[in-house]
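Bear in mind the structure is a predicted one, so any value in this text is a computation, not a measurement.
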Amino acid sequence: MDTLLDIRNLKMNFGGLKVTDDVSLNLAKGSRTALIGPNGAGKTTLINLIAGAYRPTSGSISLMGQDVTGMKDTDRVRLGLIRSFQITRLFPDLTVIDHLAMAILQREGRSAGMFKSYHRMPEVLDEAMEALARLRLDPLANRVVAQIAYGQQRLLEIAIALVLKPKVLLLDEPAAGIPSSDMDRVVAALDNLPAELAVLLIDHDMDLVRRFAREVIVLSSGAVIFRGTPEQLGSDPRVRSAYLGEDA
Amino acid sequence: DTIKVGVIGPMSGPYSLYGQNFQWGVQAYAQVNGKTADGHDVEFVFRDLPGVDPAKARALAQELVVRDGVQYLAGAYFTPNALAIAPLLQQGKVPFVVLNAATSSIVEQSPYILRTSFTMWQNTVPAAKVAIENGSKKAITIVSDYGPGVDAEAGFKKTYEEGGGELVETLRVPLSTTDFNPLVQRIKQSGADTVFAFFPAGAPTLGFMKSYIGNGLKEDGIKLISTGDLLTEPDLPALGDVAIGTQSTYHYSASHDSPENKAFMEALKAVGADPSKVTMAAVAAFDGAKLIYEMIDATDGEQDPQKAVDAVKGMSWESPRGPVTIDPDTRHITQNVYLREVAKEGDTYMNKEIRTFEAQPDWGLEGK
Amino acid sequence: MPAATLHVNGLSSGYGRTVIVEDVSFSVPAGQRMAIIGRNGMGKTTLLSTLMGLTTHHAGTIAVEGAGVEKLSASRRAYAGLGYVPQTRDIFRTLTVEENLVSGLKGRAKTNLDEAYHLFPRLRERRRNLGWQLSGGEQQMLSTARALLGKPSVLLLDEPLEGLAPVICQELMAAFTELAKAGTTTILLVEQNLKTALAFAEEVLVMERGRIVWSGQSEALSSEPHLIDKFMGVAGVH
Amino acid sequence: MVLFFNILSDAFVYGMVLFIISVGLSLAMGLMKVVNLAHGAFAMIGGYIASYITQDQGMSYTLAVAAAVVGAIIIAVPMERLLYRRIYGTSELTQVLMTIGITFVIIGVANFIFGPTLKTIPLPDELRQRVDLGFRTMSSNRVFIAFCGAAVAAGLWYVIEKTDFGIKLRAAVENEKIAGSLGIKTSVIFSVSFALATGLAAFGGVIGAELLPIEPYYALTYMVMLLVVVCVGGAGSIGGALAACLILGTVDTVARYLLPSYGAFFFYFAVIIIVLMFPNGLFGRKLNV
Amino acid sequence: MTALSQTRAIPATTRHGLRDLIGACAILAVGVGCFFLFPNNLSFLTIILSISLLVMSLDLVTGVSGVATLGHAFVYGAGAYAAGIASVNGVSDPLLLLLLGSLAGLLAGVVSGALILKGHGLSQLVISIALVQLASEGVNKASFVTGGSDGLAGLTIDPLFGIFEFDLWGRTAFWLALAVVLVVAVLLRILVRSPFGMMCRGIHQDRVRVRAMGASVYLTLLKMYAISGFVGGLGGALQAVATQVVGLDSVSFTTSAEALVMLIFGGTGHIFGALAGTFVFMWFEHSVSAASPFHWLILVGILLILVVLFAPKGIYGLVGRLFQHKEV
Ligand SMILES: Nc1ncnc2c1ncn2[C@@H]1O[C@H](COP(=O)(O)OP(=O)(O)OP(=O)(O)O)[C@@H](O)[C@H]1O
Ligand SMILES: Nc1ncnc2c1ncn2[C@@H]1O[C@H](COP(=O)(O)OP(=O)(O)OP(=O)(O)O)[C@@H](O)[C@H]1O
Ligand SMILES: [Mg+2]
Ligand SMILES: [Mg+2]
């Protein structure tokens with residue numbers, strides 16, 4: 001099985017608005033695909049559909065050969081379909097390391113333990129600290145999330161997604177709010193992902209898209225208007241006018 | 001020496017009026033008879049128990065007995081609270097004078113329980129008799145759905161059916177009911193000529209009276225008879241003129257015409273009571289205090305509950321409510337029950353006694 | 001109200017007792033464009049929200065067109081001419097797009113909403129939707145449009161381009177430049193993308209641990225890669 | 001059939017009383033995001049003032065209604081400034097604690113001043129007439145109550161949904177700081193809305209006194225009822241509050257007619273079922289994903 | 001990397017362990033102190049202890065997991081009535097009664113949780129109110145087993161371990177209650193810090209995030225509800241055993257609301273807060289209502305207001321703040 005995620009003719013509307021208009025795409029093992037498009041094109045919605053937060057009106061989604069169209073979001077996560085959030089969703093009163101420990105324990109099916117705190121599980125602590133260190137968040141490990149800067153929260157959002165050991169990873173604007181100076185952390189984290197992992201990345205930072213993606217899909221008004229390599233992107237007139245602007 | 005008496009009642013909360021009445025009654029007795037009984041100083045210790053809370057009732061009683069060393073307990077506005085206290089009496093060696101709780105079975109819980117208030121049966125049986133004598137053929141009852149309500153319903157049913165009447169329906173409504181319109185509609189539909197009602201004094205009684213009048217039941221010829229709880233003196237001004245002429249049966253009216261009651265009223269005023277807020281609870285407390293003084297007298301201040309209780313069994317005296325006796329078997333008070341009618345004299349509303357049922361026992365225990 | 005000057009002197013502030021911004025002084029002439037750059041967590045957001053009156057003020061003065069505002073409440077500062085686009089957007093999630101815009105009008109007539117719809121046609125399409133239903137970029141547009149409707153004379157922008165498509169970014173930066181050049185507003189911009197920040201601003205402040213560690217002309221910074229390297233930890237702008 | 005209309009019309013009036021009293025709470029909870037458990041206490045204050053004006057001072061009913069509303073507002077506004085302001089935007093639990101505390105104090109004070117007995121507010125002659133509705137007669141007071149309910153509903157809906165005031169209020173509650181940065185005078189907005197909610201409570205307390213009699217524990221006795229109605233309707237929604245009051249008023253009334261001793265069962269069953277079907281309230285403002 | 005995690009994490013663990021130890025010692029010290037200082041208030045102290053189990057159980061669902069409920073007396077009442085009814089029907093071993101009560105509480109917890117968790121926010125609050133009202137009506141109606149509004153009085157309880165009588169002085173009941181509370185408090189502290197507890201705290205703050213990690217919100221909370229029911233039921237049974245009466249008030253809205261007030265008063269989410277809140281609040285109420293039976297409500301009201309104004313995180317938060325100042 002080479003195709004991990006296969007989406008066929010997905011459709012979805014909010015009231016009268018067609019947000020997802022007959023979208024088909026597939027991600028093979030090891031694929032690095034960028035999903036771009038104008039604001040409100042339906043990128044986040046597509047991720048929500050794949051992750052199971054919304055139900056499509058028609059079409060199908062299959063994950064590693066298994067049809068997951070009607071499956072609960074939490075079950076999809078267990079199959080290895082992990083997403084990050086465009087607008088961070090974290091636990092304001094928990095510490096940075098709490099977040100990672102929770103993700104690790106959940107991944108390992110140990111989150112129902114009622115006696116031993118993760119502070120007494122060296123293997124969990126080590127893995128969590130390692131994941132933080134990769135994004136250079138380790139000095140903040142014991143800080144409460146409400147008290148770290150927004151950009152740092154964005155990095156944490158990525159760290160959580162990575163630690164869940166995804167097979168298919170959906171990243172919604174992971175690099176937004178991270179300064180050029182720190183972009184290298186993100187790029188390094190993405191470069192270090194296991195090769196067989198399939199990644200779908202949304203971002204408006206074309207530098208990141210060009211450095212990362214081997215394939216680019218452009219969405220506009222819910223429909224796919226372009227699919228190709230990053231190099232072909234700049235020469236497509238539709239993409240230029242709808243998205244990139246003239247000096248791209 | 002000082003002999004302590006613990007009084008537990010609702011000093012705060014929705015029923016605080018009655019706790020206050022307990023206090024007034026006790027103080028009035030001390031006002032008239034002095035603060036010593038047979039040379040022993042008597043001190044009353046008051047404890048607040050605002051609502052139905054048996055666990056707390058028990059804890060308070062226990063604390064009074066163990067810590068404050070009281071020799072006598074008195075009070076209990078609600079039946080469950082009295083029931084919770086009862087099991088302690090034997091071990092604690094304290095007699096307990098119930099000043100209100102009106103379920104018949106309370107006195108059976110311990111040989112050390114005496115009661116100077118009333119029972120629902122005691123007041124309800126005469127009400128049923130009045131209904132029958134007034135020629136009622138079909139009646140309906142409406143009561144609050146809790147112990148005393150159920151007792152009142154049973155008392156009325158038994159007497160009314162024995163008298164040849166037909167009880168067409170019995171309605172029990174939740175204690176929290178304030179809008180009685182649908183119920184009054186139902187009473188109207190039932191074809192009864194008389195309705196017997198019992199609710200604890202407060203919001204439901206007002207609500208019921210308003211609906212009874214407002215929906216024209218009176219004009220339709222459906223008579224209302226109730227126990228005095230529906231028409232306690234402090235609530236009469238709130239009911240206003242609509243209530244005039246309404247009949248009820250009860251063991252005490254503040255307007256009872258006797259020298260004892262006049263003296264009682266004077267004593268109450270002397271201890272700072274508001275005469276318009278005097279209820280049956282005050283007279284129960286007054287008589288309760290009398291029993292306690294008698295018991296102290298009989299035991300010479302020693303802690304001997306059996307001797308104390310025995311001393312007052314069968315005792316008779318002239319209470320502010322009329323002649324009373326402590327029934328030696330039940331330890332409950334035998335008393336007159338009066339048929340009264342709401343009237344207005346000057347600016348004040350009152351329950352005017354128009355007929356006396358003499359020496360009524362607790363029909364609830366009597367019937368068993 | 002035309003563009004105003006902004007003078008900040010000895011400003012310290014933070015969250016409760018924690019001090020984040022320390023002893024910051026700078027001034028921006030009317031109609032100037034200034035950019036603030038710095039790594040994550042260095043206090044840029046805290047500085048802007050302090051100017052707006054949303055953090056705990058510890059010391060120092062803030063003057064808009066010569067009038068001290070550091071003692072005023074946020075709403076009084078808004079009337080003194082300050083306008084703010086927060087980094088986390090903070091649109092009203094339970095209000096519709098149009099209601100969000102109305103909330104920023106500062107008493108101006110509703111007909112002025114067209115200004116916002118003209119700048120972001122996307123918002124007109126979505127005007128009956130609730131705030132939370134918007135896409136990330138749409139929320140960003142709404143937040144900016146809402147602040148602009150109040151006609152601020154000093155505009156504080158905290159990463160207003162985050163999540164916007166490149167074409168919109170270009171248009172928006174052009175619009176901001178236009179506003180400043182026309183003498184309508186003075187602009188203080190926090191921006192993560194160095195290239196964009198330097199292209200836009202005339203002056204630049206670099207923040208590190210709550211203090212200003214460098215300030216000067218943006219050309220000076222662009223032409224000195226070692227400075228950028230020192231403050232931002234990356235080599236050069238491409 | 002006549003009986004059916006009889007019961008229905010009783011239910012309608014009962015629902016309207018609930019509505020007038022609870023709509024202010026719905027405003028407070030839905031728009032100002034304050035779980036104001038002391039709402040009933042302000043209704044009670046209104047009732048006491050009206051009772052004092054009519055019973056003890058012998059003045060007119062109209063005057064009493066006005067005095068009740070104004071009086072409750074005069075008491076409420078300083079409380080808003082000193083106490084409520086501190087709990088805007090805090091967790092519901094903190095609000096519960098503060099407003100229960102306020103309720104206790106108001107109850108204690110009322111008990112102290114007015115004593116523990118029931119208070120009534122005598123109606124003027126115009127409201128004591130019987131009105132012929134065709135299928136039944138009803139006291140003019142009840143007709144008046146129904147009319148007031150409708151007027152309150154319409155007026156409020158207009159203010160909240162159609163005026164800028166409503167927008168500013170909702171904005172200020174959602175994010176006070178950001179609203180301030182947009183030039184919205186949040187403190188004025190809060191005071192005015194709080195006064196509005198309290199005034200409505202007092203108004204409801206007075207005109208509903210016949211169905212919900214005024215006594216010191218009023219505030220606690222009807223707290224559950226008010227909370228339930230507001231949540232079933234969907235906090236902040238006037239239409240929702242109206243619908244909830246009418247539906248629950250009807251369920252309660254009909255159940256009490258049909259099966260008096262099981263009335264409460266039906267009422268709370270209905271509540272659970274409605275809430276499970278409409279977790280955001282009948283017309284609740286949908287808040288989050 | 002290992003070294004790094006250890007330097008950071010180990011202080012955190014020992015700090016928690018230390019807090020638990022201090023907490024347990026404090027409970028014990030206060031308990032023993034009360035026994036000697038107020039030897040005649042034991043029955044009241046026992047009620048405090050049993051109510052504190054209800055409040056701790058409420059903390060699990062409300063403080064830790066963020067489920068708003070004003071009907072938690074449902075589980076408390078279930079425990080109390082189960083023990084009461086069993087005792088009337090011949091079960092008189094105190095420990096067995098506690099077990100029965102806890103199991104009944106667990107069942108009640110699952111039932112109410114299953115319904116309440118279907119709602120969110122305000123609707124949870126309403127379902128919880130409706131449930132406790134229904135339960136209370138039901139108990140009132142089923143007077144043939146429950147004694148209706150009169151309640152069950154005069155339960156006979158065997159001596160504890162066949163030796164210690166539940167007598168008028170209430171010493172046995174007090175020590176039993178203290179031991180139960182001590183054990184439960186420590187276990188719950190551990191529970192709150194465990195992976196499961198952390199997950200519940202996470203759900204409290206952002207359930208969408210929790211789902212995105214792959215955890216089921218409903219099932220997790222239902223489990224928490226069951227545990228909470230067990231603890232609450234234990235409290236109810238303890239009260240039944242200690243006071244030998246069971247009344248309708250044990251399943252009332254009022255009790256639920258009071259429990260919530262005491263929890264917030266003490267500080268939510270820390271278990272010890274629940275304990276401190278119950279103790280201080282009930283003690284204060286008890287003292288002022290004895291000192292001023294007519295006006296204590298005003299004083300209690302003022303106390304609550306003051307807490308919100310000056311200790312918005314409750315007593316526990318206040319104490320925590322004092323400690324932090326010392327550390328700095
Ligand atoms: N609410 C808060 N309470 C306490 N400290 C805070 C709070 N918010 C932020 N901080 C701290 O203040 C410092 C500055 O944060 P600020 O948000 O101003 O940084 P920033 O420069 O805007 O970063 P970014 O580029 O990530 O947006 C950070 O160290 C952060 O941890
Ligand atoms: N729950 C909803 N109800 C109604 N409309 C919605 C809802 N969620 C999203 N939309 C609309 O659907 C469209 C697509 O939104 P989506 O979030 O998928 O855009 P996006 O491509 O991720 O944009 P961006 O780059 O700005 O994040 C937007 O116009 C948005 O307003
Ligand atoms: Mg998006
Ligand atoms: Mg920032």
Side-chain angles (χ1 to χ4, degrees), chain D residues 29-30 35 37-38 79 82-83 86-87 90-109 111-112 116 216-217 220 223-225 227-232 234-235 261-265 267-276 278-281 284 287-289, chain E residues 62-63 66 68 70-71 115-116 118-138 140-141 207-208 253-254 256-258 260-265 267-269 277 292 294-314:
Chain D
M29 283 174 59
V35 182
L37 296 183
M79 277 196 184
L82 293 174
L83 301 179
R86 311 283 290 264
I87 54 171
T90 61
S91 80
E92 289 97 342
L93 296 183
T94 312
Q95 299 174 345
V96 163
L97 198 63
M98 164 81 88
T99 55
I100 285 228
I102 293 176
T103 310
F104 282 176
V105 173
I106 294 179
I107 287 178
V109 171
N111 214 341
F112 181 69
Y217 285 81
L220 287 176
M223 188 183 280
V224 173
M225 187 63 147
L227 262 182
V228 165
V229 181
V230 167
C231 299
V232 168
S261 47
Y262 295 91
F265 275 102
F267 182 80
Y268 288 109
F269 264 126
V271 166
I272 292 184
I273 288 167
I274 298 178
V275 165
L276 288 181
F278 304 90
N280 288 312
L287 295 183
N288 264 310
V289 213
Chain E
T62 301
L70 268 172
L115 277 173
I116 290 172
K118 291 274 178 212
H120 38 80
L122 288 178
S123 53
Q124 286 178 335
L125 205 65
V126 177
I127 298 177
S128 69
I129 295 177
L131 272 178
V132 77
Q133 300 278 30
L134 282 177
S136 152
E137 286 287 327
N140 187 23
K141 286 277 177 248
R207 44 182 65 203
V208 175
F253 168 77
T254 319
S256 313
E258 270 175 7
L260 188 65
V261 166
M262 290 188 268
L263 171 61
I264 312 165
F265 181 80
T268 53
S292 164
F294 295 102
H295 304 303
W296 63 274
L297 201 57
I298 301 183
L299 296 175
V300 171
I302 290 175
L303 177 72
L304 297 186
I305 296 174
L306 289 180
V307 164
V308 175
L309 293 184
F310 298 108
K313 294 234 157 82

Original post:
Taking only residues two or more places apart in sequence, or in another chain, which ones meet D:F278 in a ring pair (Phe, Tyr, Trp, His ring centres under 6.0 Å)?
Top reply: none
Is it the side chain or the backbone of [X] that comes within 4.5 Å of chain D heavy atoms, both, or neither?
X      : result
E:L260 : side chain
E:T268 : side chain
E:K141 : side chain
E:L70  : side chain

**OP:** Flag the pair E:P312 / D:R86 as yes when at least one side-chain heavy-atom distance between them is below 4.5 Å, and no otherwise.
**Re:** no
**OP:** Please examine the side chains of E:L309 and D:M98, heavy atoms only from C-beta on, and report whether any two atoms are closer than 4.5 Å.
**Re:** yes
**OP:** Using a cut-off of under 4.5 Å on heavy-atom pairs, state which of D:V228, D:I272, D:V232, D:L93 scores highest against chain E.
**Re:** D:L93
Original post:
What distance do E:L134 atom CG and D:F267 atom CZ have between them, rounded to the nearest 0.5 Å?
Top reply: 10.5 Å
**OP:** Among the options E:V126, E:L115, E:I129, pick out the one with the most heavy-atom pairs lying under 4.5 Å from chain D.
**Re:** E:V126
Original post:
With only heavy atoms counted, which part of D:V271 is less than 4.5 Å from chain E, the side chain, the backbone, both or neither?
Top reply: side chain
**OP:** Sort D:I87 into side chain, backbone, both or neither according to what part of it lies under 4.5 angstrom from a heavy atom of chain E.
**Re:** side chain
Original post:
Should the heavy atoms of other residues, nucleotides or ligands under 6.0 Å from CZ of D:F265 be counted, would the total exceed 12?
Top reply: yes
**OP:** Mark yes when over 12 heavy atoms from residues, nucleotides or ligands other than D:E92 sit less than 6.0 Å from its CD; otherwise mark no.
**Re:** no
